[in-house]
Amino acid sequence: MAVETGRVGAAVRGEFPIFESATYLNSCSQGALSHRVREAVEEWLSGWDANGAEWDFWVERNEAFRTAVAGLLHARADDVAVTTSVSQGVSALVSALPLDRERNRIVISEYEFPTVGQIAHAQELRGAEVVHVRPGPEGSIDADRFADAIDQRTALVCCTTVSYRSGHRHDVAAIAAAAHEAGALVLADSYQACGAVELDVGALGADAVTGGTVKYLLGTAGLGFMWVRPELRRSLLPTQTGWFADEDIFAMSIADYSPHASARRFDSGTPPVPALYAGVAGLEVLAATGVPAVEAHVSSLVDRLLDGLDELGAAVATPREPAARGPLVCIRSTDVPSLVAALAAERIVTSMRDESLRVAFHLYNVEDDVDRLLDALGRHRALLA
Ligand SMILES: Cc1ncc(COP(=O)(O)O)c(C=O)c1O
């Protein structure tokens with residue numbers, strides 16, 4: 001099912017059956033299922049039926065995923081850990097930080113996903129102090145706000161690339177510059193960006209970049225990744241670990257701890273095999289279009305939506321400038337559960353966070369999806385703030 005590079009919208013939509021019955025605008029929660037990903041999961045089941053444990057093929061899928069993520073991030077496979085979730089990767093990373101008396105602070109943005117905040121606060125049991133960076137009056141958290149919160153005691157700064165709850169995009173490079181000046185590491189959880197926003201880890205400037213396959217990478221749950229800056233690796237010894245992180249998993253040793261020299265030291269136990277089949281296939285679908293083409297397409301749909309929302313006089317939490325947003329638009333509502341339900345009754349699939357309706361676009365969305373949503377929002381205008 002090869003698709004030409006750059007094909008978006010109507011040209012790829014037929015590969016995603018959900019559009020036969022719904023206007024799907026919820027890729028910030030879960031990407032739509034493609035024929036290719038379904039086939040890949042079926043291949044996993046068929047192989048299991050035919051051969052039982054396909055150990056070699058599982059390991060090959062794990063490495064195929066690592067390599068595909070490296071391509072996505074403009075990185076080397078050796079610098080990518082395959083994780084079962086963002087939580088697992090971040091926990092392994094944080095477990096490698098000494099958090100001693102000189103450097104015990106973790107700075108987190110108010111826009112982090114709960115797992116990052118909860119892992120940070122869990123380190124209070126190890127003597128950490130967690131500092132929250134809050135948004136300014138207009139809702140964004142600019143690099144200066146982070147710089148004010150960072151000092152010589154800061155061990156780690158967490159600045160999600162795109163906020164799951166407001167759609168803001170952080171200036172990760174500027175935040176990383178402030179953190180590095182103070183000797184702190186930077187984690188950019190990029191789950192709401194990867195696959196819909198072109199990410200080059202070199203330019204991004206963070207020391208660790210996380211994401212997963214459930215959303216814009218078009219796979220399923222149970223699989224994620226963490227890129228770690230290679231120069232740092234040797235000094236990071238995760239105490240949250242597992243046998244797939246060992247320098248030689250087949251040594252089967254219970255006598256020592258010898259983490260792999262590559263970013264594989266942040267891997268854990270048996271790889272999530274079904275999710276790997278789906279994850280590799282999802283990345284193939286995405287690579288056939290190319291993230292730059294997805295990003296340009298999504299940005300034009302966001303522009304169209306923002307223009308229409310202006311006409312409705314709606315309040316939007318997400319900033320307008322393209323550099324300050326991603327594929328997610330958050331629209332303020334007076335009663336967001338009722339609004340999501342009213343749209344769902346018309347087979348328009350969205351989601352909610354805080355008091356906002358969340359609308360997210362991907363390669364398969366078309367202008368008609370935007371117009372259908374705007375038409376429905378016009379009829380439910382009373383539910384918009
Ligand atoms: C920004 C962000 N980070 C992390 C996650 C999920 O983390 P995990 O893979 O640990 O479930 C999500 C969504 O589920 C997210 O939106």
Colleague: Report yes or no: do L384 and L374 belong to one cluster of Ile/Leu/Val/Met/Phe/Trp/Tyr joined by side chain heavy-atom distances under 4.5 Å?
Modeller: yes
Colleague: Using a cut-off of 6.0 Å, state whether more than 12 heavy atoms not belonging to R126 lie near its atom CZ.
Modeller: yes
Colleague: Over all heavy atoms of both residues, which pair between Q88 and F266 is shortest? Give the atoms and the distance, please.
Modeller: NE2-O, 3.0 Å
Colleague: Nearest 0.5 Å, what's the CG-CG distance between L312 and D307?
Modeller: 11.5 Å
Colleague: Answer yes or no: is there an ion pair linking R36 with E43, defined by an N-O contact shorter than 4.0 Å?
Modeller: yes
Colleague: Hey, could you give me the CZ/CH2 distance between F250 and W243, rounded to the nearest 0.5 Å?
Modeller: 7.0 Å
Colleague: Just say parallel, tilted or perpendicular for the rings of H121 and H132, cut-offs at 30° and 60°.
Modeller: tilted
Colleague: To the closest 0.5 Å, what do you measure between CG (L223) and OG1 (T83)?
Modeller: 7.0 Å
Colleague: When the ring planes of F19 and Y364 are compared, do they come out parallel, tilted or perpendicular, using 30° and 60° as the limits?
Modeller: tilted
Colleague: Please check this pair: side chain of S333 against backbone of L357, looking for a donor-acceptor N/O pair closer than 3.5 Å.
Modeller: no
Colleague: Verify salt bridge (Lys or Arg N to Asp or Glu O under 4.0 Å) between D303 and R325, making sure each step is shown before the conclusion.
Modeller: CA-CA 11 Å; D303 284 340; R325 53 158 157 93; 2.5 Å; yes
Colleague: Determine whether Y257 and P238 make a side-chain contact, defined as any pair of heavy atoms from C-beta on separated by less than 4.5 Å.
Modeller: yes
Colleague: Hey, mind stepping through D368 and R372 against salt bridge (Lys or Arg N to Asp or Glu O under 4.0 Å) and telling me if it holds?
Modeller: CA-CA 6 Å; D368 195 46; R372 270 205 75 198; over 6 Å; no
Colleague: Is a salt bridge present between E20 and R347, judged by a nitrogen-to-oxygen distance below 4.0 Å?
Modeller: no
Colleague: List for me each residue that meets side chain to side chain donor-acceptor pair (under 3.5 Å) alongside N26, sequence neighbours excluded, and say none if there are none.
Modeller: S29, S351
Colleague: Is it the case that more than 12 heavy atoms not belonging to R234 sit under 6.0 Å from its CZ atom?
Modeller: no
Colleague: Could you give the distance from OG (S190) to CG (L204), rounded to the nearest 0.5 Å?
Modeller: 5.5 Å
Colleague: Do the charged groups of D78 and R233 touch, with an N to O distance under 4.0 Å?
Modeller: no
Colleague: Give a yes or no answer on whether the side chain of K215 reaches the backbone of S27 with a donor-acceptor pair at less than 3.5 Å.
Modeller: no
Colleague: If you link I, L, V, M, F, W and Y whenever their side-chain heavy atoms are under 4.5 Å apart, who else ends up in the same group as F113?
Modeller: Y164
Colleague: Between R76 and D79, does any NZ, NE, NH1 or NH2 come within less than 4.0 Å of an OD or OE carboxylate oxygen?
Modeller: yes
Colleague: State, to 0.1 Å, how close R169 and V162 come at their nearest heavy-atom pair, and which atoms those are.
Modeller: CG-CG2, 3.8 Å
Colleague: Under the side chain to side chain contact (heavy atoms under 4.5 Å, CB included) test against R13, which residue among V8, L363, D369 passes?
Modeller: D369
Colleague: Within this structure, what is the CG-NE2 distance for the pair L25 and H362, rounded to the nearest 0.5 Å?
Modeller: 13.0 Å
